[in-house]
Each structure stands twice: as structure tokens, then as C-alpha cells.
Undergrad: 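Attaching a single structure in C-alpha cells format; questions to follow.
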Amino acid sequence: MGKSAFSGIQPSGDMHIGNYLGAIRNWVVDYNTDESIYCIVDLHAITVPQDPELLRNRIRSLTKIYISCGLDINKVAIFVQSHIKEHAELGWIFQCLTPLGWASRMTQYKEKSADKKEQSSVGLLAYPMLMAADILLYQVDGVPVGDDQKQHVELTRDIAQKFNREYGEAFKVPEPWIRDSGARVMALDEPTKKMSKSGGPNNAIMLLDSPAVIKSKIMKATTDSGREIKFNPEQAGLYNLLTIYELFAPGNPTRPEIEEQFAGQGYGGLKKATVEVVVEGLRPIQEKYAELSKDEGYVEQILKDGADKIRPIAAKTLSEVKQRMGIG
Ligand code: ATP
Ligand code: MG
């Protein structure tokens, strides 16, 4: 069974523990192999306005985050989406192949454009077709992502199957690889919505937050007024804190063990313990990040090597697509 993975994150803001638990950590644990490819999807970030200087810095910062979290640069390829022009080109082809009905059903598009339909960019609607191109160019087995991206990976499969049916087999049809736990970390201040880069100041714990900031955000996290500590999905705020605790706690405690540990302690005890495990869990990542920040040339080299390694795969796929479609 193959295990080649493709995944990416937008350099649209600072990385939070949702990105880590839902995506990066799974890349590191399960798909840290020679055949896996991790992208910094800058062309997706510009579907909403970005400050150029900030965007440039965030692309480098995200590269350092990938490595600090444990991706092995001697195995995986890490690259910037816009460094390989085939993404935009295949993205356009997929925009032409995809019915408008499919695109307009995407819940993320509906959410992100909700209160500003007329002002939101055409790119925001077209973004899942570019994402399909990102993935399908590399003929991978699967896409490890958080739960919110499941619908886009399914659209990717539909696009691949439509192309294969109409023009002949050009694409491997990839699987969504989504874990049960951590696939949807919720916002601390609004636990019915997912944690997000684009949320307010107390929405997310950022991977580079200091211990004091982590403490302040967790202690302020929204919970109900109950006392009993149980993994009950109906109690969204409590459930979210317990899940964060579970995923950062050393020694992989089971849910019943965690419930027993906090019996009679109230929410305050759980919050304090969660601060501790998150601070300790992020410490090695922050140390590695600081070390990498001493040599920016190193990061540039990694991005160049990453793109050079995989560009031939993208070129081969696109050339076959164009030939099958009669383009060029
Ligand atoms: P934005 O608000 O700009 O869309 P984002 O936080 O959703 O930012 P993305 O770059 O869109 O981040 O997603 C990167 C990866 O992180 C994807 O695999 C996505 O599924 C995952 N992810 C994002 N938010 C969460 C979350 N709250 N819980 C688990 N996984 C998440
Ligand atoms: Mg997102």
C-alpha cells in the first residue's frame, strides 16, 4: 500500500494548534516519507487581501514551522506553491472542467463570502479547483487534512474522476486522510466554530505564543457553568478543552483515565493542567523555530530544493493533461 501524501497550509496568518493537531502533526507522525510533499499555498492566501511584506515573511515563517514541528527535510519535499507554475495552469483547466453548481456548493465558500458576496474575489470561489490541481499534479495516494477540508478533497476526487472519464486516465484519485481526534479543534472563545487563523484575539492558541499568552487564552476560554468533567460533545467548550488536553498530554492517556484524573477538580483544574501540557508540548517546536531563525538562507535553500525535486512530476502530469485535451 502506497503512502504518498500531499498537503498544504495557507500563509494567511500565524499557525495555531488546530493546524498542528488537525494537519501538521499527522504529516510528521504518519507521512514523513520520501514520497510526501508539503506545500505553502501562497496562491490560496491571496484569495483574500494580503499585505505583501507580511505575506513574504509568513511564507518563510511557515516553512520554519513545518520543520520545527518535525518534518524531515531529508525525506519530504517542502515548497512554495507559486514556485511551480503548473499549479496555476492546471487550476485554470479545472475551473473550466468544474460545473459552477459543484463550486457554489462548497460550504467554506459560502461561509467566507457570506456577508460580502459582491465584494469577495472570484478566486475565493475558484480556490477549491486550484487545490484540486495542487493535489492531482503529484499523483499521490492521500491528503492528510483537518475535517473542514474533507469537502474540498471530495471535490478533488470528483474532478479527477470527471477528467479521467472524459479524456482518459491521467490522474490517481486520492483519499482524504482525516484522524478522529483533533480533526476539528474549536475556537476557544466560540467553541461552536472551528479555530481559525482569521479569528479574533482569543480564538486560537498560536504555535509561537508565549507561556503567559497561552495561559491567558486558556483561562479565558468559554465554558458552560457545569462542574463535572466528562467528554460530552454537547458541552462544546469543555469538550474542546478536554480534547486539547488529551492530544498534548504526555503518555497518551485514555478518555476514561482523563475523566478520572479530573474528577472533582472543576473546570479550573482542567484549565490549569491544559495550560501546562500545551506549554510543554509547544516548547520544543518554539526552540527549534528560534534556532532556524538564525539562518534565513537555509530556509531559502530548502524551498528551492523542494521545488526542484518535484517540478518534473508536475510538468509530466500537466503535459499529459494538455496533450489529452488537445491544448498547445
Ligand atoms: P483560514 O482561516 O485562513 O482558512 P485555517 O486556520 O483554516 O486558516 P488553512 O490554511 O485553511 O488554515 O488550513 C490548513 C490545515 O489546517 C488544513 O488541513 C485544515 O483542515 C487544518 N485546520 C484548519 N483549522 C483547523 C482546526 N480548527 N482544527 C483542525 N484542523 C484545522
Ligand atoms: Mg481554512
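Values below: all heavy atoms of this structure, side chains included; hydrogens, waters and symmetry mates excluded. Residue numbers run from 1 in the order of the sequence given. For ligands, and for the atoms within them, numbers begin at 1 and follow the listed sequence.
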Undergrad: Step through it carefully: locate the ring centre of H87, locate the ring centre of F94, and say whether they are under 6.0 Å apart.
TA: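 No.
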Undergrad: Aromatic rings Y127 and H44: how do their planes relate, parallel, tilted or perpendicular, breaks at 30° and 60°?
TA: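 Taking H44 first and then Y127, their aromatic rings stand perpendicular (interplane angle over 60°).
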Undergrad: Identify the closest protein heavy atom to atom 7 (O) of ligand 1: which residue and atom is it, and at what distance?
TA: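 It is K194 NZ, 2.7 Å.
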Undergrad: Using heavy-atom distances only, which candidate in V48, V145, D148, N26 approaches atom 19 (C) of ligand 1 most closely?
TA: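 It is D148 that holds the nearest heavy atom.
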Undergrad: Pick one of side chain, backbone, both or neither for how H16 approaches ligand 1, counting any non-hydrogen atom pair under 4.0 Å.
TA: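 Near ligand 1, H16 shows its side chain, while the N, CA, C and O stay back.
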Undergrad: With backbone taken as N, CA, C and O and side chain as the heavy atoms from C-beta onward, which portion of K112 lies under 4.0 Å from ligand 1: side chain, backbone, both, or neither?
TA: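 Side chain only.
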Undergrad: Within a strict 4.5 Å, meaning less than it, do heavy atoms of the L136 and T317 side chains meet?
TA: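 Not in contact.
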Undergrad: Which distance, rounded to the nearest 0.5 Å, do you find between the CG of L238 and the CZ of R227?
TA: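 If we round to the nearest 0.5 Å, L238:CG and R227:CZ are 12.0 Å apart.
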Undergrad: Let me confirm one number: the CD-CG distance from Q95 to L130, rounded to the nearest 0.5 Å.
TA: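 Here the interatomic distance stands at 8.0 Å.
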Undergrad: Can you tell me how far the OG1 atom of T63 sits from the CD atom of E296, to the nearest 0.5 Å?
TA: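 Taking OG1 in T63 and CD in E296, the distance rounds to 9.5 Å.
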Undergrad: At a non-hydrogen distance cut-off of under 4.0 Å, which region of K197 contacts ligand 1 (side chain, backbone, both, or neither)?
TA: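 Near ligand 1, K197 shows its backbone as well as its side chain.
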Undergrad: Looking at G22, which atoms of ligand 1 are within less than 4.0 Å of one of its heavy atoms?
TA: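 Reading through ligand 1 atom by atom, the close ones are 29 (C), 30 (N).
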Undergrad: Can an N or O of M195 be found at a distance shorter than 3.5 Å from an N or O of ligand 1?
TA: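 Between M195 and ligand 1, an N or O pair is found under 3.5 Å apart.
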Undergrad: Side chain, backbone, both or neither: which part of A183 comes within less than 4.0 Å of ligand 1 when only heavy atoms are counted?
TA: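 It is the backbone that gets close, since no side chain atom is under 4.0 Å.
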Undergrad: Side chain to side chain contact (heavy atoms under 4.5 Å, CB included) with E320: which residues, sequence neighbours excluded?
TA: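 Scan of E320 (side chain to side chain contact (heavy atoms under 4.5 Å, CB included), adjacent residues dropped) gives A170, R324.
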Undergrad: Could you tell me whether S198 approaches ligand 1 through its side chain, its backbone, both or neither, with non-hydrogen atoms closer than 4.0 Å?
TA: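 Answer for S198: both.
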